[in-house]
Trainee: 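Dropping a structure here in structure tokens format, bear with me for questions.
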Amino acid sequence: MAEYLASIFGTEKDKVNCSFYFKIGACRHGDRCSRLHNKPTFSQTIVLLNLYRNPQNTAQTADGSHCHVSDVEVQEHYDNFFEEVFTELQEKYGEIEEMNVCDNLGDHLVGNVYVKFRREEDAERAVVELNNRWFNGQAVHAELSPVTDFRESCCRQYEMGECTRGGFCNFMHLRPISRDLRRQLYGRGPRRRSPPRSHTGHRPRERNRRRSPDHRHGRF
Ligand SMILES: [Zn+2]
Ligand SMILES: [Zn+2]
């Protein structure tokens, strides 16, 4: 029996634990879900809820009609957002293995940013500190997330360009970053093998990339 329960834990057959929360770290029923959301006490992954705002979804003129924001502008805006968050979190808290941003429209997934750190203690510290921060005029809401394998949580149809549920799909629609940025953020050999830093006395590295004044003061 125990073995059976273990085998169905977090799957759709599990009548006790919510499979959506288990796999995706968010469920459309939120706290009213009839199944359990087992919040982790330790995790490498944190989620910053509703942090990314896609300008195509939010840009509206005074009369309520949508402004036109081109796909190129959206990608550029997204890459800047991604780079800023990734760089700042990695410098403040520790090495990031993977970061993903949801482009879903449902309230429980829209703009969610999942950051998987290499070390659980970095994730823990990030959650505590980020919950006292503001980003783009809104309070940051961070929590430890049960998601460890993003292949389980993302929508395969979306990746093939075939998801018929669109933005309201309950699996993650992960917005890709541009190839150059991917190479820049994930492709650094020596950095990944650097020894763990002490939590104090860390001096921010000098960066040569283009930065707006906001970056220097760290909006986080
Ligand atoms: Zn649920
Ligand atoms: Zn989908």
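All figures in this text were calculated on a predicted structure; none of them were measured in a lab. Excluded from the calculations below are hydrogen atoms, water molecules and symmetry mates; all remaining heavy atoms, backbone and side chain alike, are included. Every number for a ligand or one of its atoms is a count from 1 in the order of the listing.
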Trainee: Could you check, using the six-membered ring where one of them is a Trp, whether Tyr52 and Tyr78 have ring centers closer than 6.0 angstrom?
Mentor: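 Ring centres of Tyr78 and Tyr52 closer than 6.0 Å.
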Trainee: Measuring only between side-chain heavy atoms, which start at C-beta, is Asp122 closer than 4.5 Å to Glu95?
Mentor: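 Counting from C-beta outward, Asp122 and Glu95 never come under 4.5 Å.
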Trainee: About how large, to 10 degrees, is the angle SG of Cys163, then the Zn ion (ligand 2), then NE2 of His173?
Mentor: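 Seen from the Zn ion (ligand 2), SG and NE2 are separated by roughly 100°.
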Trainee: If Ile, Leu, Val, Met, Phe, Trp and Tyr residues are connected whenever their side-chain heavy atoms lie under 4.5 Å apart, and connections chain through other members, are Tyr21 and Ile24 in the same group?
Mentor: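 Each belongs to a different hydrophobic cluster.
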Trainee: To 10°, measure the SG(Cys155)-the Zn ion (ligand 2)-SG(Cys169) angle for me.
Mentor: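 Cys155 SG and Cys169 SG form an angle of 120° at the Zn ion (ligand 2).
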Trainee: Please report, to 10°, the angle around the Zn ion (ligand 1) from atom SG (Cys18) across to atom NE2 (His37).
Mentor: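 The SG/NE2 angle about the Zn ion (ligand 1) sits at 110°.
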Trainee: Less than 4.5 Å apart, any side-chain heavy atom of Asn112 and any of Val101?
Mentor: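 Asn112 vs Val101: side chains apart.
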